Amino acid sequence: MHLPHLKTSVGLLAITPLLSGCAQAEISGLGFEEGLSSVNDHSLSLWQGAWITAAVVGVITLILILWPVFFHRKKDENFPKQTQYNIPVEVAYTLIPFLIVAVLFYFTVQRESRIVKISPDSQVSHFIDVVGFQWSWQFKYRDAGDFKSATVTGTPAQPPTLYLPQGQKVRFNLDANDVVHGFWIPAFMIQMQNLPGVTNKLEFTANKLGTYPGRCNILCGRNHAQMLFTVKVVTLQEYQTYIQGLVAEEKAAIA
Ligand SMILES: [Cu+2]
């Protein structure tokens, strides 16, 4: 049997076009856009790499299945020779999956530790509290100057909008009022849980102007599907104008 040789050559064959794609930096985002947020910068290549790995493993597996189907068909009525205990093959099919998992694990841990990194307060431009509750979101902007915060509270009927200043690092403090929720902005490749009694911290920069859908991605009760919000990335000036508007509204409500 020349299986190991077959594996190597087929593996190289399958990966070659993908690798050349990587070199040109034109490989498809496979559903995600590059450069939308500082998280995409870390996650996108992990996402692509996982798909390439899956494609290579899938092609090799398919060939290993089809090989006996085509080349080892029943030839006559004699019972085929029975073999057992092929140590090299058994070691190989234990070691290879282990290596695949170890490599994926390494890159996942590496990227995750970059994504969840929290910088000192002095390096953060804006602070926003995100509170999940059954069944909507509350955003508290801590940029409201002498006013402690400007607050926006959504309802299932009127989902709130989260304003983010383009190119500015924002620290999010994630909390929940009742049960566990999940703060998820799919296009930004970001999700982190809102836990009652625990404050999760997340930091990222939104880099491209636009409007993006946000959702709760932890099943949190009857109206979970209505826990929607919109992310609006605007210029710093528009962001500041928006916050001032919120502060003015709150001051008017108190007076
Ligand atoms: Cu929820």
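What's counted below: heavy atoms across the whole structure, side chains too, no hydrogens, waters or symmetry copies. Atoms within a ligand are numbered from 1 in the order they appear, just like the ligands themselves. Fair warning: this is a prediction, and the values are worked out from it, not measured in the lab.
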Q | Tyr141 and Phe127 aromatic centres sub-6.0 Å | A | no
Q) So what does the Met227 SD - the Cu ion (ligand 1) - Cys216 SG angle come to, to 10°? A) 110°
Q: Check whether any N, O or S atom of His224, backbone or side chain, sits closer than 2.8 Å to the Cu ion (ligand 1).
A: no
Q) Does the Trp47 side chain pair with the main chain of Gly29, one donor and one acceptor, at a distance under 3.5 Å? A) yes
(Q) Assess, by modelled atom type and distance only, whether the side chains of Ser125 and Arg171 contain a donor and an acceptor separated by less than 3.5 Å. (A) no
**Q.** Polar contact flag, side-chain donor to acceptor under 3.5 angstrom, Ser37-Asn40
**A.** yes
Q | Heteroatom of His181 nearest to the Cu ion (ligand 1) (N, O or S, atom name) | A | ND1
